[in-house]
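For clarity, every value in this text was computed on a predicted model and none was experimentally measured.
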Amino acid sequence: MQSRFRVKQLAIVAISALLVWFARRLVWQAAVQLFCGLLVALTALPMMKLYERKLSPGLAASLAVTTLSALGILLLLVFVPALMKQGRQLIALLPQMYEQAGTYMRRGEEWLLSNGITIHEEMRESLLGRGKQLLSNAAPAMLAWAQGVAGGLSKWLLAPVFAYYFLRDRKRIGEWLLLLLPVEKRSVTIRLLREIRREISGYLRGQLLISLAVGLLTAAGLLICGVPAWLLLGFLMGIFELIPYIGPFVGGVIVLLFSLQAGLNRMLWALGVVILVQQVEGSMLSPQMMSDATRLHPVTVLLCLMLGGAAGGVAGILLAVPLVLCIRAGLRVFSLSRTEHMHAFLSKERER
């Protein structure tokens, strides 16, 4: 009987796997929608707990999701037109930027010649060609990225609906999931989920706050320095700040590239703004906004980013650190459970 039952179980698992494989696109879209809803629910959870003190769970969840959605729509209405306007401004400045880069390159070549260093014609043409290609591809690439983000917004249309049900029935969902586990595994699972929630929520909350602060400070500094498209460049710095260590470097290069057309002095001021904001982020913002429990060694983070980028591209880079935090939480729970079992065993042996 047991062998027949196991055969049936294996057959059900195999058939389910085949169905998932043939309908993998639909399954992937559904998984993305649920994941987006889960992110919205986690973001609205603090407001949900605040409203839940005086309101029913259903009404509290509805108000939390509505408040978050209203804030998101307000931010889009305020910032998106300005960002699009500054994006078109950067595209219009591309020819001037290329001429400015050529002027600085010719000055550098003259300085090298005055010091007895000769640059071959092929090398100069190669550098000019690569610079032109970089400048000509930078703005279209940003526009394509913006269009991709706008197209991806359709995945978030059902996110508030899923978030509402996740928030309203989160306790019931947790109890239902626990019923699927053996009784002896439930306490460890609860502890593991709590540790993972603590790690991930702390990391995401800290990273989003740091990204927002870096974007605002960079935009304000570039505005004071008179750099064109200051809001768009600050927004890009905030986005790239989500990628630890590598992102700020890439964002700084983009800021310097698009501030070049305003002159060497403006570019140096922009460089000073980027360096100053990064120093403030490293010495003040990160220690205040990121708890000690979510910190990882820089070498570990760089290895995670490298492996995540090789495995899943941009998505792999963004998910690499949270995945490592989940693994660390699991190892911590496993170590604590093992220690507790060992202490219980030793206490029983002593009683004997």
Correct closest heavy-atom pair for A64 and A44 would be CB-O, 3.8 Å
Is it true that L208 and V65 fall in one hydrophobic cluster, defined by side-chain heavy atoms closer than 4.5 Å? no
Would you give the length of the straight line joining atom CG of L242 to atom CD1 of I210, rounded to the nearest 0.5 angstrom? 10.0 Å
For F334, the side chain to side chain contact (heavy atoms under 4.5 Å, CB included) test, sequence neighbours excluded, returns R338
In Å and rounded to the nearest 0.5 Å, what is the OG1 to CG distance from T43 to L71? 11.5 Å
Rounded to the nearest 0.5 Å, what separation is found between the CG atom of L167 and the NZ atom of K49? 10.5 Å
Once you round to the nearest 0.5 Å, how far does CG of L34 lie from CZ of F162? 5.0 Å
All side chain to side chain contact (heavy atoms under 4.5 Å, CB included) counterparts of L192, not counting sequence neighbours: I196, V333
Enter the distance from I327:CD1 to L331:CG here, rounded to the nearest 0.5 Å. 7.5 Å
CD of Q207 to CG of L212, rounded to nearest 0.5 Å, is 12.5 Å
Here the side chain to side chain donor-acceptor pair (under 3.5 Å) pairs for residues 55-82, sequence neighbours left out, are Y51-T67
Could you state whether L63 and M48 fall into the same hydrophobic cluster, counting links through intermediate Ile, Leu, Val, Met, Phe, Trp or Tyr residues with side-chain heavy atoms under 4.5 angstrom apart? no
Using links of under 4.5 Å between side-chain heavy atoms of ILVMFWY residues, direct or through other members, which residues join I73 in one cluster? L77
By salt bridge (Lys or Arg N to Asp or Glu O under 4.0 Å) - contacts of E52 (at least two apart): R170
Within a strict 4.5 Å, meaning less than it, do heavy atoms of the I190 and R194 side chains meet? yes
L50 and L55: same hydrophobic cluster, using ILVMFWY side-chain contacts below 4.5 Å? no
Side-chain atoms of residues 217-241: list all donor-acceptor pairs with protein atoms under 3.5 Å, sequence neighbours left out, distances to 0.1 Å.
from, atom 1, to, atom 2, distance (Å)
T218, OG1, V214, O, 2.7
E241, OE1, Q278, NE2, 3.4

Would a single hydrophobic cluster contain both L68 and Y164, if residues Ile, Leu, Val, Met, Phe, Trp and Tyr are joined by side-chain heavy-atom contacts under 4.5 Å? no
